[in-house]
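Input: a single structure, listed below in structure tokens.
Ligands are counted one by one from 1 in listed order, and the atoms in each one are counted from 1 as well.
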Amino acid sequence: MTLEIRSCTYAYRPWAPPVLRDLEYTLPRGLTVLLGPNGAGKSTLLRLAASVARPQKGTITLDGTPSHRRAYRAAVAWLPQRVIPMTGLTAREQVAYAGWLKGMGKRAAWDAAARALARVELSEEAETKARRLSGGQLRRVGVASALVHEARVLLLDEPTAGMDPHQRRVFHDTLGALTDDVRVLLSTHDVADLAAAADHVTVLRSGRVTFSGTPAGFLAHAPADSAPGRVAEAAYTALSEGQWARG
Ligand SMILES: Nc1ncnc2c1ncn2[C@@H]1O[C@H](COP(=O)(O)OP(=O)(O)OP(=O)(O)O)[C@@H](O)[C@H]1O
């Protein structure tokens with residue numbers, strides 16, 4: 001299974017400069033961590049790959065199926081940067097609704113929602129109204145919504161933002177338990193935490209991919225005199241602010 005972004009250009013307004021310009025990217029196998037400074041275009045890239053926005057130019061395909069097709073949308077799951085609690089719905093109803101939107105039957109979505117909430121340790125809050133949940137709990141409802149229909153590609157926008165350390169561990173375990181054929185693209189600012197656990201690291205700056213490779217290749221960009229324990233951060237700084245900066 002291959003998610004390919006070919007020569008994609010995207011601007012939020014016709015008169016605004018493109019956030020992504022002629023982007024070429026193939027999502028690698030396993031877990032890819034997407035790094036980059038604020039405004040680099042990470043959320044935009046995830047929104048395009050999730051088919052919630054369409055590029056003005058270029059193509060996005062999954063095994064050749066274009067991103068505007070129903071089959072493409074059914075195969076990918078997206079966790080937005082901001083999870084909106086749906087008025088009147090409980091946590092379980094919100095997750096089940098996400099499954100239904102992806103084409104699951106009502107009964108299957110309802111059952112899958114309970115399992116997805118259990119994976120993020122929210123079973124006890126399943127019947128709580130989503131708008132009464134804390135920020136971190138709502139984030140976990142978002143993760144459950146992304147997991148509910150067993151997508152083949154997970155696009156996760158800062159999934160651990162606002163989670164406490166225990167919940168971050170639960171989340172990482174959940175990712176670790178995914179089957180090998182699921183590809184995950186996960187944006188984060190948590191450089192040290194995730195760069196080491198990932199199969200791949202991609203760094204975006206000003207809408208351009210400045211690095212895409214293994215964690216070892218990523219860490220090799222850190223200056224030799226980097227303080228132990230800060231190597232990932234130093235590598236990130238070199239790749240996002242250093243010689244790659246667009247003039
Ligand atoms: N809805 C929008 N309308 C207009 N411009 C937008 C919109 N969303 C994002 N942008 C602009 O697009 C650029 C890329 O934003 P994006 O959110 O993709 O970056 P990011 O790498 O995810 O940043 P962050 O790390 O802060 O979440 C920024 O310049 C931002 O101001």
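- Looking only at side-chain heavy atoms (C-beta outward), Val209 and Glu24 stay at 4.5 Å or farther from each other.
- Each of the atoms 18 (O), 19 (O), 20 (P), 21 (O), 22 (O), 23 (O), 24 (P), 25 (O) of ligand 1 lies under 4.0 Å from some heavy atom of Lys42.
- Among all non-hydrogen protein atoms, the one lying nearest atom 24 (P) of ligand 1 is Asn38 ND2, 3.5 Å.
- Taking each heavy atom of Leu23 and Gly207 in turn, the nearest pair found is CD1-O, 3.6 Å.
- A side-chain contact (heavy atoms from CB on, under 4.5 Å) with Leu79 is found for one member of Leu186, Leu156, Asp157 and no other, namely Leu156.
- Near His189, meaning under 4.0 Å from any of its heavy atoms, are these atoms of ligand 1: 25 (O).
- Closest heavy-atom approach to atom 28 (C) of ligand 1 among the candidates Ser43, Ala16, Gly39, Ala53: Gly39.
- Arg139 and Thr160 share no side-chain donor-acceptor pair at under 3.5 Å.
- What sits closest to atom 19 (O) of ligand 1 on the protein, heavy atoms only, is Gly41 N, 3.2 Å.
- Scanning all protein heavy atoms for the shortest distance to atom 10 (N) of ligand 1 gives Tyr12 CE1, 3.4 Å.
- Ligand 1 has no nitrogen or oxygen under 3.5 angstrom from a nitrogen or oxygen of Gly36.
- Closest approach of Tyr10 and Gln56 over heavy atoms only: CA-OE1, 3.0 Å.
- Ring planes of Phe218 and Phe211: tilted class, angle from 30 to 60°.
- By the 6.0 Å contact criterion, CH2 on Trp100 is open, its count of non-hydrogen atoms from other residues, nucleotides or ligands being 12 or less.
- When each atom of ligand 1 is checked for a heavy atom of Pro37 under 4.0 Å away, the hits are 21 (O).
- There is no protein heavy atom closer than 4.0 angstrom to atom 31 (O) of ligand 1.
- Residue-ligand proximity: Gly207 is placed with every non-hydrogen atom at 4.0 Å or more from ligand 1.
- By the 4.0 Å N-to-carboxylate-O rule, Arg169 lies too far from Asp173 to be salt-bridged with it.
- Geometrically, ligand 1 and Ala40 share a nitrogen or oxygen pair separated by less than 3.5 Å.
- Contact annotation: the side chain of Tyr25 approaches that of Leu185 to within less than 4.5 Å [non-hydrogen atoms, C-beta and beyond].
- Less than 4.0 angstrom separates some heavy atom of Thr44 from each of these atoms of ligand 1: 14 (C), 15 (O), 16 (P), 18 (O).
- Within ligand 1, counting atoms from 1 as listed, the ones closer than 4.0 Å to a heavy atom of Val19 are 12 (O), 13 (C), 14 (C).
- Interface atoms of ligand 1 facing Gln81, defined by a heavy-atom separation under 4.0 Å, are 27 (O).
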